[in-house]
2 protein chains.
Amino acid sequence: MKRPMRSVTGPRAAASPRPTIKDVAARCGVHPSTVSRALSPAMKHLVADDVAARIQAAANAIGYRLNMAAKGLRTGRSGLIGVLAPDIADPGFPPVLSGIADHLNAEGYATIVVDVGSKGSEQDLVDRLIARGVDGLVLATVTLRDDVVQHCQDAALPVVLVNRVDAAGLLPSAASDDAAGMRLAVEHLVGLGHQRIGHVAGPQHISTGARRRAGFEASVRDAGLPARHAPIEIADAYTRAAGREAALRLLARRTRPTAIVAANDLLALGVYDALAARGLACPGDVSVVGHNDMPFVDLVSPPLTTVRIAQRDMGEAAARLLLARIADRGVVDDHIVLAPQIIIRGSTSAWER
Amino acid sequence: MKRPMRSVTGPRAAASPRPTIKDVAARCGVHPSTVSRALSPAMKHLVADDVAARIQAAANAIGYRLNMAAKGLRTGRSGLIGVLAPDIADPGFPPVLSGIADHLNAEGYATIVVDVGSKGSEQDLVDRLIARGVDGLVLATVTLRDDVVQHCQDAALPVVLVNRVDAAGLLPSAASDDAAGMRLAVEHLVGLGHQRIGHVAGPQHISTGARRRAGFEASVRDAGLPARHAPIEIADAYTRAAGREAALRLLARRTRPTAIVAANDLLALGVYDALAARGLACPGDVSVVGHNDMPFVDLVSPPLTTVRIAQRDMGEAAARLLLARIADRGVVDDHIVLAPQIIIRGSTSAWER
DNA sequence: TCTGTTATTGCAATCGATTGCAGAGCCGGA
DNA sequence: TCCGGCTCTGCAATCGATTGCAATAACAGA
């Protein structure tokens with residue numbers, strides 16, 4: 001009776017409307033609430049086994065699928081998680097995203113990825129996610145002192161950082177041990193006999209930039225190198241071009257470093273460019289170490305020696321952390337740090353002179 | 001000050017519940033329906049200007065945000081689009097995704113990306129997206145003859161393919177002109193004097209694999225090369241390892257090709273591996289051409305000559321196509337094909353002997 | 001002054017699922 | 001035979017927003 005009515009009323013009525021819990025109920029001669037219970041693992045124990053089975057069967061028969069929007073409206077949980085990424089196209093990010101999404105997926109959550117590119121304010125993007133009712137946010141974008149964080153606090157939205165930390169260390173995060181990574185790099189070079197090691201640092205308002213720089217300074221100090229033998233130039237973005245510029249400045253110094261540690265593989269590739277521009281050989285004249293071990297850096301020439309960080313694990317850890325926060329808002333803030341590993345390839349060699 | 005307060009009141013009680021349309025209504029002394037109209041661009045003309053302004057102000061004042069779940073429930077449109085990707089970590093995909101997401105975002109849609117990795121059946125993933133009420137799907141995974149397509153048809157769900165086409169050409173799609181791409185590659189090599197050109201083809205159940213192969217065959221024929229001088233080996237996946245195996249088979253042939261066209265950059269890198277394994281130089285002994293121009297292939301050694309496809313545009317076109325379908329289900333199916341471009345780098349050189 | 005518009009606003013049903021509460025039926029024990 | 005207690009199911013309210021319809025007011029024209 002209802003159907004015909006509808007098709008008269010509207011243009012798109014032809015497509016059979018998705019079956020609802022009511023349809024299943026009608027087919028089984030039970031009340032919708034019973035169907036709801038039978039189909040919910042948590043409430044299933046409240047309904048008789050045979051009835052539950054009948055309902056299950058009917059649901060399958062007519063291809064019933066739960067409507068998440070309706071459920072979300074009633075329960076206040078959407079099962080949606082937002083992920084803010086600085087740039088999806090950055091080759092470093094997909095593995096992290098994959099780790100996040102896989103874990104969340106397994107737990108029944110769906111992931112909305114938002115690229116915070118040139119687009120309007122990050123605030124606004126967050127607001128749109130809030131409008132969608134996300135249950136939490138994974139931020140891969142946060143700078144050391146960031147408004148977005150406060151914004152989320154105000155909205156009482158669970159948040160975790162991935163591959164970043166905030167200045168105050170207030171937010172839970174999953175990140176690589178930046179200091180340890182730099183130590184691996186510096187010790188590798190020192191072990192090869194290098195005495196003058198430069199650093200192309202990343203932007204200092206990003207935690208990886210600041211922390212890797214600090215790690216570099218500490219490692220170099222511990223290795224007994226005087227500061228003037230460990231010059232630092234800061235790149236203003238994590239790009240190949242910025243790496244090139246910074247490296248050129250480093251190479252222009254009075255005492256040229258025999259090795260350069262870059263804060264990031266992209267920067268390291270920029271260092272390659274700079275060396276080429278100056279007619280210097282790598283690793284013959286200058287050894288280079290990167291950071292992140294992003295895909296295909298083993299294929300560049302020379303294959304890049306770099307610090308591998310556990311990106312997938314990082315993503316998964318972040319997801320787990322977020323879920324824990326969502327489940328119990330009183331949980332202690334956690335900082336998961338993942339151990340890096342140095343991958344020695346062809347861009348570093350012994351220095352003997 | 002804020003934190004303690006919150007923790008005193010209880011784990012989540014303190015967080016003031018998100019203001020609803022009712023709160024705004026109460027604050028303005030009007031009925032919720034009036035608020036709804038005032039805040040909806042399409043219905044705004046129904047409410048007096050001064051009232052609308054008052055409502056706007058109040059909404060801003062208390063930080064009101066529309067609840068998409070509720071709206072979606074009522075209107076039947078979620079503003080969510082699902083994207084099925086074969087593998088997010090594949091460096092070829094992010095640019096496409098970025099194109100899709102940016103366009104959809106600008107139109108007010110949010111994108112849920114699902115990695116169809118080792119995970120359970122694709123059907124199931126689609127069902128979960130349907131449960132979330134997605135308004136449409138972008139499929140980057142479809143094989144030539146695929147159940148998923150039928151599944152979506154059954155669900156009356158608008159679908160577009162990206163970087164793929166279906167065997168029957170029934171579905172709208174945005175893809176690169178594979179035949180033209182292969183023609184560019186072959187003509188480039190023929191122009192360099194190559195007379196024996198091999199092809200490492202991609203999996204034949206994927207449209208790019210089949211179409212690029214066909215394009216190769218046609219181009220080679222048109223160039224006047226006999227088929228026996230244009231051997232083909234099929235890789236069983238788009239991976240570096242599979243490319244290596246196929247290339248090894250190609251190199252083992254009686255008359256070794258002097259150039260190899262790979263269906264994909266990843267396969268081309270596998271060809272590099274095979275050449276290295278056989279002690280052959282590229283491009284000295286064998287020239288290599290890839291396809292896609294994925295990030296950083298300009299940095300490998302030698303820099304890869306490859307066919308660049310317009311990935312970002314492809315994503316954007318797919319998004320536009322999908323939105324058109326959603327707006328008007330009767331729209332004619334469209335196949336958008338994007339023109340490729342050859343990027344000549346260091347992996348190809350003249351053949352003179 | 002009366003009638004017919006037109007411009008605004010309110011009312012109430014609705015989307016689909018969840019859940020506290022109440023009622024029905026049944027069992028065993030006294 | 002009656003009662004407490006248990007299991008299972010139904011009822012109805014609810015989540016937040018939208019929208020067809022009705023109601024009111026204001027206003028123009030006759």
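Numbers restart at 1 for each chain; the letters A, B, ... are given by sequence-line order, proteins then strands.
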Nucleotide [N], atom [atom2] - distance to [atom1] of [X] in whole Å:
X      : N      : atom1 : atom2 : value
B/N67  : D/dC15 : CG    : P     : 12 Å
B/I21  : D/dG16 : CD1   : P     : 11 Å
B/R54  : C/dT8  : CZ    : C1'   : 13 Å
A/M68  : C/dG16 : CE    : C1'   : 13 Å
B/R132 : C/dG16 : CZ    : C1'   : 15 Å
A/R77  : C/dA17 : CZ    : C1'   : 16 Å
A/R18  : C/dC15 : CZ    : C1'   : 12 Å
B/Y64  : D/dG16 : OH    : P     : 10 Å

Side-chain donor/acceptor pairs under 3.5 Å, residues 34-44 of chain A, sequence neighbours excluded:
unit_1, atom_1, unit_2, atom_2, d
A/R37, NH2, A/S33, OG, 3.3
A/S40, OG, A/A42, N, 3.4
A/S40, OG, A/M43, N, 3.4

Indicate whether OP1 or OP2 belonging to D/dC11 is found under 4.0 Å from a side-chain N or O atom of A/H31.
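Affirmative; the distance criterion is met.
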Kindly give the heavy-atom pair with the smallest separation between B/V162 and B/V138, and that separation in Å.
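Looking at all heavy atoms of both residues, the closest pair is CG1-CG1, 3.8 Å.
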Quiz: residues 47-65 of chain A side-chain donor-acceptor pairs under 3.5 angstrom, not counting sequence neighbours:
unit_1, atom_1, unit_2, atom_2, d
A/R54, NH2, A/C28, O, 2.9

Report the residues that fulfil side chain to side chain contact (heavy atoms under 4.5 Å, CB included) with A/T141, sequence neighbours left out, ordered by chain and then residue number.
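Side chain to side chain contact (heavy atoms under 4.5 Å, CB included) list for A/T141, sorted by chain: A/L84, A/P86, A/V116, A/E122, A/L139.
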So, using side chain to side chain contact (heavy atoms under 4.5 Å, CB included) as the criterion, who are the partners of A/D87 when residues are at least two apart?
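Here the qualifying residues are A/A89, A/D90, A/D115.
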Can you tell which of C/dC15, C/dA17, D/dG10 lies closest to the side chain of B/L73?
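Looking only at side-chain atoms, B/L73 lies closest to C/dC15.
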At a heavy-atom distance below 4.0 Å, what parts of residues 32-48 of chain A sit against DNA chain C?
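Per residue number, the list reads A/S33, A/S36, A/R37.
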Do any pairs count as a side-chain hydrogen bond (donor to acceptor under 3.5 Å, both in side chains) and have a residue in residues 163-173 of chain A, sequence neighbours left out, and if so which ones?
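The answer is A/S173-A/H335.
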